[in-house]
Engineer: 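One structure follows; several queries about it will come next.
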Amino acid sequence: MPSPAPTATSEPAPRRPLSLAARSAITTGFVLAAFLGLVGVVMSVVKKDTALNSLQTSLRDSAVTDIITHTDVDRYGRLLPPDSPPQKFSQPGSGLYALILGPNGYRWKSNSALNSDFSFLKPLPPGKDQFGGPVDTRMGRVYYYAIGVTFDYLGNQSTPTTVMVAQTEQQLEGENAVYRRTLALWLSVLGVLLIVLQLLLLRWSLTPLRKVASDMSRVERGDSDHLDSQYPLELTGLTERINAFIESEREQRTRYRHTLADLAHSLKTPLAVIRSQMESASEEPARRDVLDQVRRMDELVAYQLARAATSGRQTFAAAVPIAGHAEDLVQSLEKVYATKNVLCEFDIADGASFHGELNDLLELMGNLLENAFKWTRHHVLLVVQKQPQPGRGRPGLLISVEDDGPGIAEDKIEKVLQRGVRGDERVQGHGIGLSIVQDIVRAYRGELVVDRSPDFGGARFSVKLPPE
């Protein structure tokens, strides 16, 4: 019995990454929350320290103003506590307490401190004070301020006394709690306002990116030929490369279309001749004519296909090292032109690279070197130099081929560069090599310059490719 076929399980679609706006908003929210939280903690600690200092000052003032100034001794040195202390010390449970410690176990408490336990308090020497808390008592946790004083009697005698004023922690914490709630409320409001402001600023900051996306949509719809808006400096390099990519793609499409049209047009005449010769004659001269036309068709096809294969300038093309490929080309040409005993020298800059398709580089250098090998008497020089430019990621490139041949007269340079024209009909060739070079140079937005070699006296072909 055959086993059931396994059921196909569909993998979940990959999750779309968060947008830049969402990432920035989340990051800003976390950072802002942490910052405002830290500010709240610091301000709460500062407020608590300030409240404690204020409480110490308040208790010290109460001890001096309300208790010490209303306390006295009789002629025998016995303490006379305040007859009528302030109202805040008279109400039980008011949270504010007063205590006086005298010699021989004397202890006085305010009415608010009845049934309280202040056993932690010890007599202090005159002139010394102490602030402490919170201390656990029967009334709860309290802060206290104590000071040692003396009351003089009979001229030169004194009674050492310790005066303490205490306040419950609840009152202090109540004030701090109100402050913390108010602080949290206002920090929350401030945080919300800052987040809203940050979102507005973020939206404004990302406007150029949205403009790029909008312009790209217009290009895709055919409403615009390229990105034509003004962009910030940070996006200028990106938009320039996008425009270069768009233009390169259009040039490639146009080149293929024109190449096919040229190929079709170029083949019309040879085909007509072949048809006419085959129909009208069968002798040997007619066959030679047919072969000549077939050879011409082969040359035309090779030329047009080479044009169509030219990739042209590419924004993200990999760097192709030149030195190794140049050596391979020269070795092949030295075998073909072995009878001429050509000496080919190199002057190639370290790290010189061609940013484009390898086939374009081989066609470019191959045709220039082959042309030099055809016309040279003995000496050929290949020069490759990098031409950097500030602010550009890729340096420019200069490829120069010189020979010691007869050279090219200035009035014949334009004619020699035309497709199908040979400098000398006696020299074997199709006359399309330099035309292919021109097409490749044009595709890479470069320049082909033909002049006379200053060192060898022959022709010099210089290809200058711009930096990017």
Side-chain angles (χ1 to χ4, degrees), residues 310-314 317-390 392-410 413 416-417 423 427 429 433-468:
T310 303
S311 299
R313 179 186 180 191
Q314 299 180 22
V320 180
I322 294 179
H325 296 293
E327 292 178 1
D328 294 340
L329 287 172
V330 170
Q331 288 177 2
S332 300
L333 291 171
E334 286 176 344
K335 294 177 181 178
V336 175
Y337 295 91
T339 57
K340 300 184 70 172
N341 193 25
V342 177
L343 173 62
C344 183
E345 294 182 341
F346 293 155
D347 183 7
I348 301 177
D350 293 338
S353 299
F354 175 79
H355 292 273
E357 290 292 333
L358 174 60
N359 290 336
D360 292 346
L361 175 64
L362 296 179
E363 284 285 346
L364 180 65
M365 286 200 308
N367 282 293
L368 292 178
L369 288 170
E370 184 178 8
N371 183 75
F373 269 72
K374 284 180 183 177
W375 292 97
T376 187
R377 296 187 179 91
H378 175 64
H379 209 156
V380 174
L381 174 63
L382 171 63
V383 178
V384 180
Q385 297 177 352
K386 295 188 291 185
Q387 297 182 326
Q389 180 175 331
R392 296 290 184 175
R394 299 176 183 173
L397 193 65
L398 171 64
I399 301 177
S400 174
V401 178
E402 307 177 33
D403 63 68
D404 59 353
I408 305 175
E410 290 187 9
I413 290 177
V416 169
L417 294 179
V427 178
L434 295 180
S435 182
I436 292 176
V437 170
Q438 285 193 98
D439 287 339
I440 295 175
V441 171
R442 192 178 300 113
Y444 283 87
R445 295 185 179 84
E447 180 185 7
L448 174 62
V449 178
V450 182
D451 56 6
R452 187 168 292 276
S453 171
D455 297 327
F456 304 139
R460 179 174 64 178
F461 290 80
S462 302
V463 174
K464 299 178 181 179
L465 301 180
E468 299 180 18

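In what follows, every heavy atom counts, from backbone to side chain, and hydrogens, waters and symmetry copies are set aside.
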Engineer: Distance-only, no hydrogens or angles: does the N367 side chain make a donor-acceptor pair with backbone N or O of V437 under 3.5 Å?
Structural biologist: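 Side chain of N367 to backbone of V437: no pair is present.
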Engineer: Taking all non-hydrogen atoms of both residues into account, name the closest pair between H355 and A319 and its distance.
Structural biologist: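 Nearest heavy atoms, H355 then A319: CE1-CB, 3.5 Å.
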Engineer: Using a 4.5 Å cut-off on heavy atoms from C-beta on, say whether the side chain of S400 contacts that of F461.
Structural biologist: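 They are not in side-chain contact.
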Engineer: Nearest heavy-atom pair of A323 and I348: which atoms, and what distance?
Structural biologist: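 Heavy-atom minimum between the residues: CA-CD1, 3.9 Å.
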Engineer: Apply the test side chain to side chain contact (heavy atoms under 4.5 Å, CB included) to residues V330 and F373: give CA-CA distance (whole Å), side-chain angles for both, the deciding distance (0.1 Å), then the verdict.
Structural biologist: CA-CA 9 Å; V330 170; F373 269 72; 4.2 Å; yes
Engineer: Taking the side chain as everything from C-beta on, heavy atoms only, tell me whether E345 gets closer than 4.5 Å to L382.
Structural biologist: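 Answer no - side chains too far apart.
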Engineer: Hey, are the side chains of L361 and I440 touching, using non-hydrogen atoms and a 4.5 Å cut-off?
Structural biologist: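 With C-beta onward as the side chain, the pair stays apart.
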Engineer: Checking D328 now: which residues fulfil salt bridge (charged side-chain N to carboxylate O under 4.0 Å, His left out) with it, not counting sequence neighbours?
Structural biologist: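 For D328 there are no salt bridge (charged side-chain N to carboxylate O under 4.0 Å, His left out) partners, ignoring immediate neighbours.
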Engineer: Could you walk me through whether L369 and N371 satisfy the side chain to side chain contact (heavy atoms under 4.5 Å, CB included) test, starting with their C-alpha distance in whole Å, then the side-chain angles of each, then the deciding distance to 0.1 Å, before giving a yes or no?
Structural biologist: CA-CA 5 Å; L369 288 170; N371 183 75; over 6 Å; no
Engineer: When you compare the side chain of S353 with that of V320, does any pair of heavy atoms fall below 4.5 Å?
Structural biologist: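 Contact flag for V320/S353 side chains = no.
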Engineer: State whether the side chain of R452 and the backbone N or O of A459 hold a donor-acceptor pair below 3.5 Å, judged by distance alone.
Structural biologist: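 Not at all, since once roles are kept as given, no pair shorter than 3.5 Å links the two residues.
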Engineer: Which atom pair, heavy atoms only, marks the closest approach of E370 to L333?
Structural biologist: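 Shortest heavy-atom contact: N-CD1, 3.7 Å.
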Engineer: What distance separates S332 OG from E327 CD, expressed to the nearest 0.5 Å?
Structural biologist: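 So the gap between those two atoms works out to 12.0 Å.
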Engineer: Counting N and O atoms only, with roles assigned by atom type, does the side chain of D404 sit under 3.5 Å from a partner on the main chain of H378, one being a donor and the other an acceptor?
Structural biologist: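 Present.
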Engineer: Looking at CG of L343 and NE2 of H379, how far apart are the two atoms once the value is rounded to the nearest 0.5 Å?
Structural biologist: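 With rounding to 0.5 Å, CG (L343) is 4.5 Å from NE2 (H379).
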Engineer: Side chain to side chain contact (heavy atoms under 4.5 Å, CB included), that's the test. Do V463 and L368 meet it? Break it down for me.
Structural biologist: CA-CA 10 Å; V463 174; L368 292 178; 3.9 Å; yes
Engineer: Can you find a pair of side-chain heavy atoms, one from L358 and one from H325, that are under 4.5 Å apart?
Structural biologist: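 Of all side-chain heavy-atom pairs linking H325 with L358, at least one is under 4.5 Å.
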Engineer: When rounded to the nearest 0.5 angstrom, what is the spacing between CG in L329 and CD in E334?
Structural biologist: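 One gets 11.0 Å once the value is rounded to the nearest 0.5 Å.
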Engineer: Does any part of the side chain of K340, heavy atoms only, come nearer than 4.5 Å to the side chain of R377, both counted from C-beta?
Structural biologist: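 Counting from C-beta outward, R377 and K340 never come under 4.5 Å.
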Engineer: Kindly give the heavy-atom pair with the smallest separation between S453 and E402, and that separation in Å.
Structural biologist: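 Answer, listing the atom of S453 first, then E402: OG-OE1, 2.5 Å.
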Engineer: Side chain to side chain contact (heavy atoms under 4.5 Å, CB included) between L362 and D360: does it pass, once the steps are laid out?
Structural biologist: CA-CA 5 Å; L362 296 179; D360 292 346; over 6 Å; no
Engineer: Would you compute the distance between atom CG of L364 and atom CD1 of I399 and round it to the nearest 0.5 angstrom?
Structural biologist: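 Here the rounded value is 5.0 Å.
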Engineer: Any side-chain heavy-atom pair from I436 and L434 closer than 4.5 angstrom?
Structural biologist: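 Heavy-atom side-chain distance check fails, nothing below 4.5 Å.
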Engineer: May I ask you to test the V380-V401 pair for a side-chain heavy-atom distance under 4.5 Å?
Structural biologist: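 When only atoms from C-beta onward are counted, V401 and V380 do touch, with a gap below 4.5 Å.
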Engineer: With sequence neighbours left out, write down each residue that passes ring-ring contact (aromatic ring centres under 6.0 Å, His included) with F354, or none if nothing qualifies.
Structural biologist: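 Here the qualifying residues are Y444.
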Engineer: Do you know which two heavy atoms are closest between A326 and F346, and how far apart they sit?
Structural biologist: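 Residues A326 and F346, closest heavy atoms: O-CZ, 3.9 Å.
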Engineer: Indicate the atoms forming the closest heavy-atom contact of V450 with I413, along with that distance.
Structural biologist: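 Taking V450 first and I413 second, the nearest heavy atoms are O-CD1, 3.4 Å.
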Engineer: Any donor and acceptor pair, going by atom type alone, linking the side chain of K386 with main-chain N or O of D350 inside 3.5 Å?
Structural biologist: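 Judged by distance alone, yes, a pair lies under 3.5 Å.
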